[in-house]
Amino acid sequence: MTKGFFKIPPIINEPVLNYAPGSPERALLKEAISHAYSAQVDIPMYIGGKEVRTGNKKEIRPPHNHKEIIAHYHGGDKTHVEQAIKAALSAKADWENLPWEQRAAIFLKAAELASGPYRYKLNAATMLGQSKNVYQAEIDAVCELVDFIRFNVQYMAEIYGQQPPASSKGVWNRVEQRPLEGFIFALTPFNFTAIAANLPGSAALMGNVVVWKPSDSQIYSAHVIMEIFREAGLPDGVINLIFASGPDAGEVIFNHHDFAGIHFTGSTKVFQEIWKTIGTNIHKYKSYPRIVGETGGKDFILIHGTANVQVASTAIIRGAFEYQGQKCSAASRVYIAESLWPEIKEMILKDLASIKVGPVEDFSNFVNAVITEQSFDKLSKAIDEANKDSSLEVIAGGKYDKSKGYFIDPTIIVTKDPYYVTMCEELFGPVLTVHVYKDEEFEKILSVVDNTSVYALTGAFIAQDRYAIAKATYALRNSAGNFYINDKCTGAVVGQQPFGGARGSGTNDKAGSMINLLRWVSPRTIKETFDPAKDYRYPFHQEE
């Protein structure tokens, strides 16, 4: 594709390696995992290109093997946040004035490094630090990360190529897309290494400078991302990686005159508090900050009476229990037509009986550990309450164990009440609640699905009846920013399904699309007149 004088390399989604027994990638990944366990990495902050070690060292332990220490990181404080802002602003002029194709080249090189020499190190870090199995790590830490970078470069070129279609005679109109004035704060989650790279990376690609604070539970792979960016040639100070506490970072950043925007993925509660703080401090800022966030979800699968039961069963198992249900998009509430429930139930229980739970190093394990002890305790409490409630039936799972790792068995609760607490509140774990509805009450259940949750991130509808599909697609148009027909409600692919939701799930600025990149630039229209007027009078002023 040609934009201006430059040709963008063809963009395709990064192929997913399968890691089958005997494959070279399996051997290389096993080697990377072994090396990671044997080398306790000392992880610094990166401020202005310098490695900053405070001596306030904190342990990193795999969630599935919490007796093992694999790294230490150096915790920061408010002074480091201030230093990061200063370093970012010092780097701003040179970075935003660098031609866009030079910025593109840096990030395209980062994509090549991530998909090539860093592939197994990045996967191993994600598997050990975030307890992802090999497939979930591969599609996240490598493929989606690389796709974000490459497609973002394509979208950037298209944005710069968008110019006014016409000008009047003797006039030249053009549009200039400028980086925002100030710095961007990227606050990233534990569950996706790709998101952790994309939130600071997309803003930086568009010429902005960034202060990046990852989740403590994702620092292990965030360090590898920073290694990749630096090796790719990212100039010092463009992205500054800090490990201060959330309150410390927020107090400094949200009171700073040059705060220009936040790129966020995390909880709805935290995002709403941030929004409130920004609103309170709005008079302090040079400009109105861009607030971009993807937050929680209470994602659904609705199964119609005409659904293929095998498709429905598979969508439920994969949608609810891949990565322990710790995806923003994971299915956590399912509505099943009464006529199909016995057959689907039998299939689900059969599949669950074959699922293995355990550490990521054993590639045969489908389910691994939840991310922290805090998450484990929240989930186990919800399971205990369900087991005690006589109005519910726990048909699968219901067991948990944190003696070696934070393991929760895939759990399915069946409720007669479509508004039971686990149908409404986000749990973020391998706990699924099912409600069985009467086939003839399909239109009623559409309303229930739409009104049960404050969230609107993802949802799926499974049916063969095209009239039912059309009806559900329209009725649930505000219930999910990503809507799937005859598929699970997870697995958005960059370049194919831009991701994001509305209502309590965020600003719906669609990561992995041009929509998102447009949030990190401020347009200026320029009109140049070659033969300007030299007399204030118009023809109608002339006397007859």
Side-chain angles (χ1 to χ4, degrees), residues 1 8-19 25 107-108 110-112 114-116 119 122-123 126 130 132-158 188-189 191-199 201-202 205 221 225 263 265 292 294 297 299-301 311 314-323 325-331 456-462 473 480-502 505-506 508-518:
M1 176 175 58
I8 304 300
I11 306 297
I12 60 170
N13 292 104
E14 176 68 17
V16 180
L17 302 185
N18 61 33
Y19 295 89
E25 64 263 22
F107 281 95
L108 289 173
E112 291 302 309
S115 63
R119 189 179 205 111
L122 195 54
N123 268 336
T126 302
Q130 292 140 262
K132 284 200 172 188
N133 67 36
V134 57
Y135 181 72
Q136 293 298 311
E138 169 75 3
I139 60 176
D140 163 27
V142 174
C143 298
E144 186 170 40
L145 185 154
V146 167
D147 286 350
F148 271 134
I149 293 174
R150 290 175 178 159
F151 279 96
N152 280 345
V153 168
Q154 174 179 301
Y155 299 140
M156 176 177 66
E158 292 173 358
T188 63
N191 57 341
F192 279 90
T193 300
I195 295 175
N198 183 54
L199 267 56
S202 57
L205 177 67
S221 58
I225 293 169
H263 207 184
T265 295
V292 176
E294 188 258 294
D299 309 298
F300 64 86
I301 299 176
V311 169
T314 300
I316 291 169
I317 295 291
R318 287 185 170 183
F321 301 125
E322 285 183 333
Y323 191 42
Q326 294 177 130
K327 300 180 181 183
C328 307
S329 56
L457 190 53
T458 75
F461 182 63
I462 300 177
T473 301
N482 284 62
F483 187 67
Y484 299 82
I485 299 169
N486 288 319
D487 204 344
K488 59 187 174 69
C489 57
T490 65
V493 178
V494 178
Q496 298 182 37
Q497 301 106 26
F499 188 78
S505 291
N508 203 16
D509 286 298
K510 297 297 185 191
S513 76
M514 187 187 300
I515 298 166
N516 186 275
L517 294 192
L518 284 168

(request) Could you walk me through whether Val16 and Tyr135 pass the side-chain contact (heavy atoms from CB on, under 4.5 Å) test, one step at a time? (result) CA-CA 9 Å; Val16 180; Tyr135 181 72; 3.8 Å; yes

(request) Before giving the answer on side chain to side chain donor-acceptor pair (under 3.5 Å), spell out for Lys327 and Ser329 the whole-Å C-alpha distance, their side-chain angles and the decisive distance to 0.1 Å. (result) CA-CA 5 Å; Lys327 300 180 181 183; Ser329 56; 6.0 Å; no

(request) Would you check, one step at a time, whether the test side-chain contact (heavy atoms from CB on, under 4.5 Å) holds for Thr473 with Phe461? (result) CA-CA 8 Å; Thr473 301; Phe461 182 63; 5.7 Å; no

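Lys488 contributes no side-chain N or O that, together with a main-chain N or O of Ala331, makes up a donor-acceptor pair within less than 3.5 Å. Panel note: side chain Glu144, backbone Ile139; no donor-acceptor pair is recorded below 3.5 Å. With Asp140 contributing its side chain and Gln136 its backbone, the two residues share no donor-acceptor pair below 3.5 Å. Remark: side-chain polar atoms of Asp487 are not paired, donor with acceptor, to backbone N or O of Ala460 under 3.5 angstrom. When atom types are taken as modelled, the side chain of Asn191 and the backbone of Gln326 share a donor-acceptor pair closer than 3.5 angstrom.
The shortest heavy-atom contact between Val494 and Gly512 is CG1-CA, 4.1 Å. Of all heavy-atom pairs between Cys489 and Thr458, the closest is O-OG1, 3.1 Å. Closest approach of Val142 and Ser115 over heavy atoms only: CG1-CA, 4.1 Å. Of all the heavy atoms in Thr490 and Ala330, the pair that sits closest is CG2-CA, 3.7 Å. Taking every heavy atom of both residues into account, Pro15 and Arg119 meet most closely at O-NH2, 3.2 Å.
Using a 30° and 60° split on the angle between ring planes, Tyr323 and Phe192 fall in the perpendicular class, above 60°.
To the nearest 0.5 Å, the span separating CD on Glu294 from NZ on Lys510 amounts to 9.5 Å. A distance of 6.5 Å separates OG in Ser513 from OH in Tyr155, rounded to the nearest 0.5 Å. Ile462 contributes atom CD1, which lies 6.5 Å from atom CD1 of Ile316 (distance to the nearest 0.5 angstrom). Once rounded to the nearest 0.5 Å, the distance linking OH of Tyr484 with CZ of Phe300 reads 11.5 Å. Rounded to the nearest 0.5 angstrom, Asn133 CG and Asn123 CG are separated by 10.5 Å. Distance check, rounded to the nearest 0.5 Å: CZ of Phe151 to CD1 of Ile12 gives 8.5 Å.
In this structure, the side chain to side chain contact (heavy atoms under 4.5 Å, CB included) partners of Ala114, at least two apart in sequence or on a different chain, are Leu122, Leu145, Val146, Ile228.
Under the side chain to side chain donor-acceptor pair (under 3.5 Å) rule, His263 has a single partner from Asp509, Asn516, Thr188, which is Asn516.
Using a 4.0 Å cut-off between a side-chain N of Lys or Arg and a carboxylate O of Asp or Glu, Lys132 and Glu138 do not qualify as a salt bridge.
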All N/O donor-acceptor pairs, side-chain side in residues 495-502, below 3.5 Å, sequence neighbours left out:
from   : atom 1 : to     : atom 2 : distance (Å)
Gln496 : NE2    : Asn13  : OD1    : 3.0
Gln497 : OE1    : Val493 : N      : 2.8

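Within the 4.5 Å cutoff, the side chain of Asn198 has heavy atoms near those of the Asn152 side chain.
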